Amino acid sequence: MYCRLVRLFMSDFSLALPERPFKSKTITVKRVILIIIFLCACFDGFTQETDPASTDSLSEKSNELSRKMYYYNLQKPSATLFVHFDKNIYTNNESVWFSAYLLKGMANEAYSALSVALLNNADSTVAMQEKFLMANGLAYGNMLLPDSLPAGNYSLIAFSNQLVNGVPEDVFVQPVTIKSVTEPRFLASLKLGDSLKSLQDTIRVALKVNTKDFRVVRDAEVLYTVGKGKQLLLSGKAKTDFWGEYKIAIPAAKLNASNSLLQVQVKADKETRKLRMQLPVFDTLPKMNFYPEGGYMVEQLPVVVAFEVTAASGEPLPAIALLYENDLVKDTVHTDAFGIGKFRVKALPGKKYTAKLLGKTGTGKAYELPAALKEGAAIHVKNAIANDTVYIKLLTQHAGMYHMLLHNYKQVYQEFDLQAMQAVSKELSFSLAEVPRGVVAVTLLDSTGKPCAERMIFAHYDQRPVVTVATDSSVYATRKKVRLSLRIAGDTTITKNALVSVACVQENRLDLRKAQDIESYFYFKHDMAATQYPYRPLSNDPLILGYLQNILLVKGWRKYTWQDMQAAKPEDTVQRRSSLDVTGLVRKYEKPVKKPTPLVIIHTSSYKFFSTDSSGRFTLANDSMVMEQGKKAMLTVAGNNVRKSDYGIEINDPFAIWNKKLAVENTANWEEPKVPVQDTRFTLIPNNEKVRTLETVVVSTKNDNSVYGATRNACGDYVCMYNILNCPNHTVGGTMPIEGHTYSFPGGGKIVYAGCNEVAHDNVVSVKGIYMHKEFYGSDYAVANPTEPEYISTIFWKHEAMLTPQAETTFSFYTSDITGRFKIVVQGITSNGVIYGEQTFNVIKGN
């Protein structure tokens, strides 16, 4: 594949254009034939770059630059993991369904496990954690949230078993809310006082405690803190007064971004409720940052300057400002709803340029624009959302030599030398035929190879693959069948296949403030490192297109990336890649063994013998730990003539260790939404939506001779006809084991069954495995139509659905007894990128 410059309109420039080969790898997969065909096509767009060995067609300068990019990307790998969760608001007895996609990286056999953990943002603890099978960069599964989870804000965190230089290669974080289905004995609320409206010495927050029928709760115990750890500002104990209230006074002058979190715990009638509120910080000025197009303002050259206005805490602020040249007002400028705006300025020698905010965000402070360079060049892109062609205007002050690149910091797609015979302002027109869809950069280098201007563009925006989502009706009664059809839209000559997951959930279980879609995450958060972006930004909505133009301008200059890249050397690119595997240690008489010790591990009707090393250490490789969800492996010392009570086995799970670390890091970065009222009512599910969890169904035929069912207990344990616990050779008939009874053990020896719980004895330990996914089974009211209400918020979930162009893929499912709007979300990967689609319908009360 070769990249070519199609047109060049520059009468004042001479051109030298070497052709540049594009190399890629195809990823091998080992799944069913359709998945193999799809993944080979799909992941070709996500593969790692190969070493650009010297070729005859490349200039010496081009070869050196390409090698620098190669070394830089080895030094800073860019794996991208995205996880589609069915929703982001759950109750504490629902299942979390998910599909995980490794979008960038080496989607090979090294990726064998995906860790998914639920972290409590309130106290940095791991509420639950599981591991799931990952193959070919894909993983699927579900987690049943326990009833014991307190309501509040949580985070679902996922990462693969692959480490780079000792840390997880990529971590995906999904903020979620857990709501309660249990009727509370009392309710509590926090409300900011009138001090919020003006700069007062003291901020007062009113705590109110009452019962469900609005009777006040007197003498409720109150514990509160403002800030935490080393940033603790104040703490106290109190009780609610005669009116069920207590007012917390906080010194406003001492509040800052690090200590402004108020946490309140209320205890009454043997119940505890917790509330958290982010307090306003008044003494910090808004931030105003300027981003000249191309990177610099240059004297005498007209340059577009983007600017961004944010609060001290980082939220975007819509604002109006006056632009000054010295003391003279030159223009009135404003931001959009996302806090970003732009203006054009021609910097004159000896002049100073500043801006002052107007209105309630204004404080009289003058924000200085960057000083203009006395000499240099600038570039201007009229439309950074390009389809097949991008137009770039180059502005120079003097004659000189330049080198222009079209690249993505991994691959150079086009490059050429330019010689300006005089000061010019000319347009170049580039074909993007050989450029992959997504974010790429145009960089201008001076005669010394130093970057002097850069601009980001979005190539082939019009080739966005989408899924058209259609239902056979826009309104359904409760417990009625929905017929769903999916079809690939857009340019189907480019998009050959799509592999997607499909969720249909109650719309109010999707909090847009916490929503993440695969397109936004891939292009904005990963490729542009944008921290603020609207939900569903990739569309033809004028507001969204305007935002995309602005964010490409704001994120367009990567000076420090160039500095890092040009400093990259082969010796700095050595990566220590390793895998997370469960390890252990065998002790005898509480001391490490001194010779290899045989072990046996049993799970899911199979067993495996292996041995420790001479010091008693061993590794449980991920591929040996794959089992059905909910099962556990049993590990013990093997041998007929071995006293197992002499041995103890310690297990070290590195996934659990990393989850604890990530829980602390995530909490440090987490901020409560800044709202003036917090109420425990917000954490309750309405009475008419109390959830019945869909039970996992095991489908079997009449000829199924397995012992799943009556002869296995909840842990999957059974005893065969020869009194052997979990015998791998006799899986027909048998009985359930009885706690305290002694059974033979596969591999020799006897064992006292400790029950369907964690095994209490050190000499026999249970180990949680790596789970295979389960199918989602929704209600089928044509088969069974129970009389009790079924309030199910996720009424359909399908992972690994294959879509092909020019074909319609159909599904059917039933509505539940919940009325209101439901949303269908479809997202996944295609042969040329990522794909998304959505649709809504209404459910009304049936007869």
Side-chain angles (χ1 to χ4, degrees), residues 26-27 29-47 80 82-86 97-104 107 135-141 436-438 460-472 481-505 516-523 536 538-540 773 775-776 778 794-813 822-841:
T26 302
I27 293 175
V29 296
K30 295 179 179 179
R31 302 194 67 158
V32 296
I33 297 301
L34 286 178
I35 302 300
I36 292 176
I37 295 172
F38 167 74
L39 289 175
C40 287
C42 173
F43 282 106
D44 184 65
F46 297 134
T47 54
T80 302
F82 178 82
V83 186
H84 174 197
F85 293 98
D86 61 325
W97 296 89
F98 70 86
S99 293
Y101 303 92
L102 189 67
L103 302 179
K104 282 189 176 180
N136 307 310
L138 303 171
Y140 314 104
R437 183 177 188 272
H460 304 300
Y461 189 81
D462 61 335
Q463 293 179 5
R464 174 184 173 230
V466 296
V467 181
T468 58
V469 184
T471 55
D472 58 334
K481 180 178 285 189
V482 178
R483 291 179 173 82
L484 169 67
S485 63
L486 307 177
R487 183 186 292 270
I488 296 177
D491 193 340
T492 56
T493 63
I494 298 174
T495 303
K496 298 181 178 62
N497 301 289
L499 191 67
V500 300
S501 47
V502 187
C504 183
V505 304
Q516 298 186 93
D517 67 273
I518 197 166
E519 284 185 313
S520 304
Y521 192 84
F522 183 65
Y523 293 117
R536 299 290 312 117
L538 295 188
S539 71
N540 291 322
H773 69 268
E775 294 293 332
F776 176 91
T794 296
I795 57 177
F796 182 71
W797 170 264
K798 179 67 177 178
H799 68 270
E800 205 174 73
M802 176 72 73
L803 309 182
T804 57
Q806 313 302 331
E808 188 174 77
T809 304
T810 60
F811 304 97
S812 64
F813 52 90
F822 278 73
K823 175 175 279 190
I824 301 168
V825 174
V826 182
Q827 53 187 335
I829 52 180
T830 74
S831 54
N832 65 319
V834 294
I835 194 167
Y836 182 94
E838 64 179 42
Q839 184 60 273
T840 60
F841 60 84

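Quantities reported herein were computed from a predicted structural model and do not represent experimental measurements. Side-chain atoms are counted along with the backbone in the values below, which use heavy atoms only and exclude waters and symmetry mates.
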Heavy-atom side-chain proximity of Arg437 to Arg464 below 4.5 angstrom = yes

Mind checking ring-ring contact (aromatic ring centres under 6.0 Å, His included) for Phe813 and listing every partner two or more places apart, or none if nothing turns up?
-> Phe796

Provide the closest heavy-atom pair for Glu519 versus Pro465 in the form atom of the first, atom of the second, distance.
-> OE2-O, 4.2 Å

State, to 0.1 Å, how close Thr830 and Ala498 come at their nearest heavy-atom pair, and which atoms those are.
-> CG2-CB, 4.0 Å

Roughly how far, to the nearest 0.5 Å, is OH of Tyr836 from OG of Ser520?
-> 8.5 Å

What pair of heavy atoms forms the shortest contact from Thr804 to Ile488, and how long is it?
-> C-CD1, 3.9 Å

Closest heavy-atom contact between Trp797 and Ser99?
-> CZ2-OG, 3.4 Å

Is it true that a side-chain atom of Asn136 and a backbone atom of Leu138 form a donor plus acceptor pair closer than 3.5 Å?
-> no

Step by step, work out the side-chain contact (heavy atoms from CB on, under 4.5 Å) result for Ser501 and Trp97.
-> CA-CA 10 Å; Ser501 47; Trp97 296 89; over 6 Å; no

Just by modelled atom types, is the Arg483 backbone N or O under 3.5 Å from a matching donor or acceptor in the Asp472 side chain?
-> yes

Between CG on residue Leu803 and CG on residue Leu486, distance to nearest 0.5 Å = 5.5 Å

Search all heavy atoms of Gln827 against all heavy atoms of Ile518 and return the closest pair with its distance.
-> OE1-N, 2.9 Å

Under the side-chain contact (heavy atoms from CB on, under 4.5 Å) rule, what do His84 and Val825 come out as? Steps first, then yes or no, please.
-> CA-CA 10 Å; His84 174 197; Val825 174; 4.1 Å; yes

Under the ring-ring contact (aromatic ring centres under 6.0 Å, His included) test, residues paired with His799 that sit two or more places apart = Tyr140, His773

Can you spot which of Val500, Leu499, Asn497, Ile835 makes a side chain to side chain contact (heavy atoms under 4.5 Å, CB included) with Ile829?
-> Leu499

Rounded to the nearest 0.5 Å, what's the gap from CZ on Phe822 to CD on Gln839? Could you check?
-> 14.5 Å

Taking the side chain as C-beta and beyond, is there a heavy-atom pair between Tyr461 and Asn540 under 4.5 Å?
-> yes

Report the distance from atom CD of Glu775 to atom NZ of Lys798, rounding to the nearest 0.5 Å.
-> 5.0 Å

CZ/Phe811 to CG/Leu484 distance, rounded to the nearest 0.5 angstrom?
-> 7.0 Å

Rounded distance (nearest 0.5 Å) linking atom CG of Leu538 with atom OH of Tyr523 = 7.5 Å

Among Tyr101, Tyr521, Phe522, find the residue that satisfies the ring-ring contact (aromatic ring centres under 6.0 Å, His included) test when tested with Phe82.
-> Tyr521

